[in-house]
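Working notes, beginning with the structure itself.
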Amino acid sequence: MTIVINVNGRDHTVEAAPETPLLYVLRGDLELNGAKFGCGLGQCGACAVQVDGQAAYSCLLPVAAAQGRRIRTVEGLGTVEHPGVLQKAFETEQAAQCGYCIAGMIMRAQALLDANPRPTETQIREHMQPNLCRCGTHMRILRAIRRAAGLPAETV
Ligand code: FES
Ligand code: FES
């Protein structure tokens, strides 16, 4: 069926079965390859994007259910030449190792900072809890989020 989804402020018309995961459409049709397929089960967060401002697993969301909602992917935050604040903070803190989890991490963190620009350490950790990093760069990821929020890099 013909489906129109709004991604990073632009409407896109795609042909897809309604139950197709949004992740497949983002990557396969729109060539937005930041979000990754990890588990496909809502258990890793590699596919996280924002839907109406909330972090969401795009591997679980049928594309038909994404119609009429605001989808935001990591590509919507900035470019290689002009990265967004959070993207820049991840780069400065060298938070990526293999990088597979990073787009999902950034989009989940962005959802927090959009709603709460100065979160507490507890709020950051609780919010980021669903996203996994197999490389174990969690401490650097947390530093990057603190940096983007203008908080001290280290917790006491
Ligand atoms: Fe979506 Fe793992 S790929 S949560
Ligand atoms: Fe490799 Fe997170 S940097 S999975």
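All ligand and atom numbering here is 1-based and tracks the order in the structure. Heavy-atom basis, side chains included; hydrogens, waters and symmetry copies ignored.
- Atom 2 (Fe) of ligand 1 has no N, O or S atom of Cys59 inside 2.8 Å of it.
- The ligand atoms of ligand 1 that sit less than 4.0 angstrom from a heavy atom of Gly42 are 4 (S).
- Atom 2 (Fe) of ligand 2 is the vertex of the angle joining SG of Cys133 and SG of Cys101, which measures 100° to the nearest 10°.
- Less than 4.0 angstrom separates some heavy atom of Gln43 from each of these atoms of ligand 1: 4 (S).
- Close approach to Cys44 involves these atoms of ligand 1, each under 4.0 Å from a residue heavy atom: 2 (Fe), 3 (S), 4 (S).
- Put simply, the side chain of Arg72 reaches to within 4.5 Å of the side chain of Leu77, judged on heavy atoms.
- Looking only at side-chain heavy atoms (C-beta outward), Leu142 and Arg125 come within less than 4.5 Å of each other.
- With hydrogens and angles left out, the side-chain atoms of Asn116 and Gln123 include a donor and acceptor closer than 3.5 Å.
- At a cut-off of 2.8 Å, Cys98 does not coordinate atom 2 (Fe) of ligand 2 through any N, O or S atom.
- Defined by atom type and a distance below 3.5 Å, a donor-acceptor pair is missing between the side-chain atoms of Asn6 and Arg70.
- Among the atoms of Cys135, no N, O or S atom is found under 2.8 Å from atom 2 (Fe) of ligand 2.
- Every atom of ligand 2 with a heavy atom of Arg134 under 4.0 Å away is listed here by number and element: 4 (S).
- For the pair Ile102/Val74, no side-chain contact is recorded, criterion being any heavy-atom separation below 4.5 Å from C-beta on.
- Listed by number with element, the atoms of ligand 1 under 4.0 angstrom from any heavy atom of Tyr57 are 4 (S).
- Inclusion of Cys47 in the first shell of atom 2 (Fe) of ligand 1 is not supported: no N, O or S atom falls under 2.8 Å.
- Atoms of ligand 1 lying under 4.0 Å from at least one heavy atom of Gly38, given by number and element, are 3 (S).
- At least one side-chain heavy atom of Leu112 sits under 4.5 Å from a side-chain heavy atom of Ile124.
- Within the 4.5 Å cutoff, side-chain heavy atoms of Tyr57 are placed close to those of Pro130.
- The Gly99 neighbourhood of ligand 2 comprises atoms 1 (Fe), 3 (S), with distances under 4.0 Å to a heavy atom of that residue.
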